[in-house]
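Step one of this worksheet: look at the structure below.
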Amino acid sequence: MSEESPVRRFQDFRWQQVDLLAYKQEGDAPFKDITRQVLFQFPDLDGELRYFEMAPGGHSTLERHQHRHAVMILRGHGRCLVKDKVFNVGPNDLVDIAALSWHQFKADAGEPLGFLCLVNVLRDKPQLPTESDLAELRRLPGLSAFLTETC
Ligand code: MN
């Protein structure tokens with residue numbers, strides 16, 4: 001009986017024995033050019049660690065939910081909207097996305113943006129913004145241009 005190694009090697013932003021998955025189900029929500037790898041899924045820790053990577057210019061879905069995200073950028077540069085502000089992010093930055101904060105990531109042109117994201121195994125389904133949520137977000141300083149590019 002062969003035992004699985006506790007160490008899975010990393011090369012070119014892929015991990016051994018980890019499938020490269022679509023970010024979300026097609027048609028679920030708006031997003032562009034993202035892949036997902038589930039690195040750990042441990043119900044006894046109530047935690048799941050994923051690696052997301054967006055191609056240059058790609059972006060995640062603008063959404064919010066009850067569960068928290070703990071994010072660490074691993075590669076590239078981009079911007080993230082968290083709650084009511086847009087931040088520049090780069091390698092090794094940590095991003096805390098609190099419950100019910102609107103959030104969205106966008107990769108800069110010219111390089112992919114990759115990040116780790118820790119979540120609960122059991123979590124609520126993301127909510128998408130309504131037209132009136134979007135209108136409210138667009139009124140916040142600095143958000144209008146970001147949202148025009150990504151929504
Ligand atoms: Mn989310």
Side-chain angles (χ1 to χ4, degrees), residues 8 10 13-15 17-151:
R8 287 172 288 142
F10 167 85
F13 292 89
R14 293 292 312 273
W15 285 263
Q17 292 152 31
V18 175
D19 293 329
L20 189 66
L21 305 169
Y23 168 61
K24 287 183 176 175
Q25 300 292 107
E26 279 308 321
D28 241 17
F31 63 89
K32 185 170 176 271
D33 297 334
I34 316 190
T35 59
R36 171 170 61 101
Q37 295 178 69
V38 179
L39 308 181
F40 293 110
Q41 189 182 51
F42 291 152
D44 52 332
L45 291 178
D46 190 28
E48 190 173 307
L49 185 67
R50 300 91 49 85
Y51 174 74
F52 293 99
E53 191 173 287
M54 43 205 75
H59 64 80
S60 62
T61 303
L62 174 62
E63 61 179 32
R64 68 178 179 182
H65 35 67
Q66 277 294 343
H67 61 274
R68 190 177 209 163
H69 286 316
V71 168
M72 182 179 186
I73 309 294
L74 277 197
R75 77 180 302 192
H77 293 84
R79 285 170 293 157
C80 64
L81 162 62
V82 182
K83 197 174 169 209
D84 55 4
K85 289 192 184 74
V86 176
F87 302 87
N88 292 315
V89 290
N92 305 315
D93 285 344
L94 303 175
V95 185
D96 176 7
I97 300 169
L100 293 178
S101 305
W102 291 113
H103 56 282
Q104 185 174 38
F105 286 84
K106 183 174 188 199
D108 284 354
E111 59 182 339
L113 177 69
F115 58 85
L116 298 171
C117 179
L118 178 65
V119 282
N120 300 113
V121 173
L122 295 175
R123 53 190 184 269
D124 61 316
K125 199 171 152 29
Q127 306 165 17
L128 300 179
T130 61
E131 276 309 315
S132 87
D133 292 328
L134 277 175
E136 208 172 296
L137 286 167
R138 283 199 177 96
R139 281 196 288 272
L140 294 167
L143 263 66
S144 178
F146 181 86
L147 293 170
T148 304
E149 290 166 37
T150 57
C151 289

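The analysis underlying the following values was restricted to heavy atoms, covering all of them including side chains, and did not include hydrogens, waters or symmetry mates. Just so it is clear, the structure is predicted and the values come from calculations on it, not from any experiment. Read the numbers this way: they start at 1 and go in the same order the structure lists the ligands and their atoms.
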Looking at Arg75 and Glu111, is there a salt bridge between them, counting it only when a charged N and a carboxylate O are closer than 4.0 Å?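 Arg75 and Glu111: not salt-bridged.
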When rounded to the nearest 0.5 angstrom, what is the spacing between CG in Asp19 and CZ in Arg36?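 Reported value, rounded in 0.5 Å steps: 10.0 Å.
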Can a side-chain donor-acceptor contact be found between Glu63 and His103 if the only test is distance below 3.5 angstrom?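 Yes, a side-chain donor-acceptor pair sits under 3.5 Å.
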Restricting to N/O/S, name the atom of Glu63 that gets closest to the Mn ion (ligand 1).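 For Glu63, the N, O or S atom at the smallest distance from the Mn ion (ligand 1) is OE2.
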Could you identify the N, O or S atom of His103 positioned closest to the Mn ion (ligand 1)?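 Nearest N/O/S atom: NE2.
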Quick check: does His69 put an N/O/S atom under 2.8 Å from the Mn ion (ligand 1)?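 It does; at least one qualifying atom falls short of 2.8 Å.
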Can you label the angle between the Phe10 ring and the Trp15 ring as parallel, tilted or perpendicular, going by 30° and 60°?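 It falls in the tilted class, 30° to 60°.
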